[in-house]
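Have a look at the structure below before the remarks.
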Number of protein chains: 2
Amino acid sequence: MQELDDLVSSLREDGFRITPQRVAILDYLLRTDDHPSAEYIHQVVKKQYPMVSLSTVYKTLDLLKEKKLVGEIEVGGQTRFDAHTDAHINLVCMKCGKIDDLDENSLNEIQNRAAKKSKYLILKGNFELFGYCNECKSALS
Amino acid sequence: MQELDDLVSSLREDGFRITPQRVAILDYLLRTDDHPSAEYIHQVVKKQYPMVSLSTVYKTLDLLKEKKLVGEIEVGGQTRFDAHTDAHINLVCMKCGKIDDLDENSLNEIQNRAAKKSKYLILKGNFELFGYCNECKSALS
DNA sequence: TATTAGTTGATAATGATTCCTAATTAATAA
DNA sequence: TTATTAATTAGGAATCATTATCAACTAATA
């Protein structure tokens with residue numbers, strides 16, 4: 001996996017230690033389209049490294065957020081993570097809890113316009129739409 | 001306050017009891033441009049009705065959310081509320097924590113386009129931009 | 001291979017929100 | 001106006017995600 005190696009090297013160059021735990025977490029996030037919670041990431045990574053602790057997952061996620069390698073959205077009282085870092089829409093299914101990504105070109109433009117109008121210095125944006133996914137809406141009673 | 005009276009009447013017609021607690025909470029949300037947390041709403045309402053409990057604030061907010069009289073966004077591990085219910089951008093200052101609203105016409109259009117492309121049934125949208133407000137960015141070290 | 005500072009795992013602490021229940025009260029009708 | 005009653009409230013306990021703490025461990029370096 002070229003991308004993983006590159007990101008790992010860049011972390012190493014920034015002076016961070018490369019631990020199997022960190023690699024496993026980043027690897028999983030790069031491979032999935034899912035938007036897992038810290039708890040879920042912990043479950044997944046434990047299959048490969050049973051000794052990994054939840055607190056290490058949280059700390060690694062903090063690091064990856066800081067390096068802008070992963071993004072986060074807060075949904076239903078918990079934080080969900082993904083490695084899809086360009087501006088996009090998160091479609092949140094209120095029934096099954098899944099989150100799909102949707103690219104939308106106009107978001108960067110909106111962000112720039114908002115920065116100008118508001119005088120805020122904008123660092124990141126989250127765009128969430130809540131509803132029912134195709135499967136769950138079909139199953140509505 | 002005409003709007004408050006109308007909303008109170010509509011709640012009564014829906015079979016909900018009109019309590020001073022509920023009126024005070026809704027009244028405050030209608031009057032402010034702020035995006036208070038439940039805790040903060042509790043502080044404000046207690047000045048007028050010192051016996052109001054935090055759990056009543058939470059339950060009233062649930063009711064008002066269900067009736068779509070207030071919106072919510074999750075920021076920094078807590079939920080913030082406002083009575084500005086049409087689609088808009090929330091500008092979140094990562095330093096002082098304030099949230100400003102910004103109208104943006106294209107949001108409804110984006111929402112419709114996303115619904116079509118994704119096949120989701122969209123019920124609501126949140127658009128958040130994070131950064132530093134004009135005051136806080138000037139004060140950056 | 002030894003050194004050492006960064007990292008980890010385990011668990012305690014925190015804080016926002018939800019749950020629980022007896023007491024209260026808004027709404028209704030007599 | 002008063003009695004009835006089911007909805008609502010206050011207060012506190014419980015829950016759950018996240019953060020903090022710290023002794024033990026280990027990746028990086030020389």
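As the structure is a prediction and not an experimental result, all values here were calculated from the model. Lettering of chains follows the sequences in order, A, B, ..., and the numbering in each one begins at 1.
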Point to revise | Nucleotide range of DNA chain D lying under 4.0 Å from chain B heavy atoms | key: D:dA6 to D:dG12
Check your understanding: Within less than 4.0 Å of OP1 or OP2 of C:dT25, is there a side-chain N or O belonging to B:Arg17?
Key -> no
Protein-nucleotides 19-22 of chain C N/O pairs under 3.5 Å:
none

With respect to the side chain of [X], which nucleotide from [options] is positioned closest?
{"X": "A:Thr56", "options": "C:dT17, C:dT8, C:dA26", "value": "C:dT8"}
{"X": "A:Gln21", "options": "C:dG6, C:dT17, C:dT8", "value": "C:dT8"}
{"X": "B:Tyr58", "options": "C:dA16, C:dA5, C:dA26", "value": "C:dA16"}

**Study point:** B:Cys96 side chain near B:Cys133 side chain, heavy-atom distance below 4.5 Å
**Key:** yes
Point to revise | Whether A:His84 side chain and A:Gly71 backbone form a donor-acceptor pair below 3.5 Å | key: no
**Study point:** Backbone of A:Arg22 reached by a side-chain donor or acceptor of A:Thr19 within 3.5 Å
**Key:** yes
Review point. Taking atom types as modelled, is there a side-chain donor on B:His88 or B:Asp86 under 3.5 Å from an acceptor on the other?
Key: no
Starting at atom [atom1] of [X], determine the distance to atom [atom2] of [N], rounded to an integer number of angstrom.
{"X": "A:Ile25", "N": "C:dT7", "atom1": "CD1", "atom2": "C1'", "result": "12 Å"}
{"X": "A:Met51", "N": "C:dA10", "atom1": "CE", "atom2": "P", "result": "9 Å"}
{"X": "A:His42", "N": "C:dT11", "atom1": "NE2", "atom2": "P", "result": "12 Å"}
{"X": "B:Glu39", "N": "C:dT17", "atom1": "CD", "atom2": "P", "result": "9 Å"}
{"X": "A:Arg12", "N": "C:dG6", "atom1": "CZ", "atom2": "P", "result": "16 Å"}
{"X": "A:Glu66", "N": "C:dG6", "atom1": "CD", "atom2": "P", "result": "14 Å"}
{"X": "B:Leu61", "N": "C:dT18", "atom1": "CG", "atom2": "C1'", "result": "13 Å"}

Check your understanding: Taking everything shown except A:Lys119 itself, do over 12 heavy atoms lie less than 6.0 Å from its NZ?
Key -> no
Review point. Do you reckon A:Ile89 sits in the same ILVMFWY cluster as A:Phe81, going by side-chain contacts under 4.5 Å, direct or chained?
Key: no
Review point. Is there a path of hydrophobic side-chain contacts, each under 4.5 Å between heavy atoms of I, L, V, M, F, W or Y residues, that connects A:Leu107 with B:Val92?
Key: no
Revision key, fill the gap. Rounding to 0.5 Å, atoms CG (B:Asp34) and CG (B:Asp101) come to a distance of 10.0 Å
Check your understanding: If you look at every strand shown and take non-hydrogen atoms under 4.0 Å, does A:Thr79 touch a base, only sugar-phosphate, or nothing?
Key -> sugar-phosphate
Review point. On DNA chain C, nearest-nucleotide positions of B:Phe16 versus B:Leu54: which is more 5'?
Key: B:Leu54
Study note, to complete from the structure: Only residue of A:Asp62, A:Ile41, A:Val44 satisfying side chain to side chain contact (heavy atoms under 4.5 Å, CB included) with A:Val57 is A:Ile41
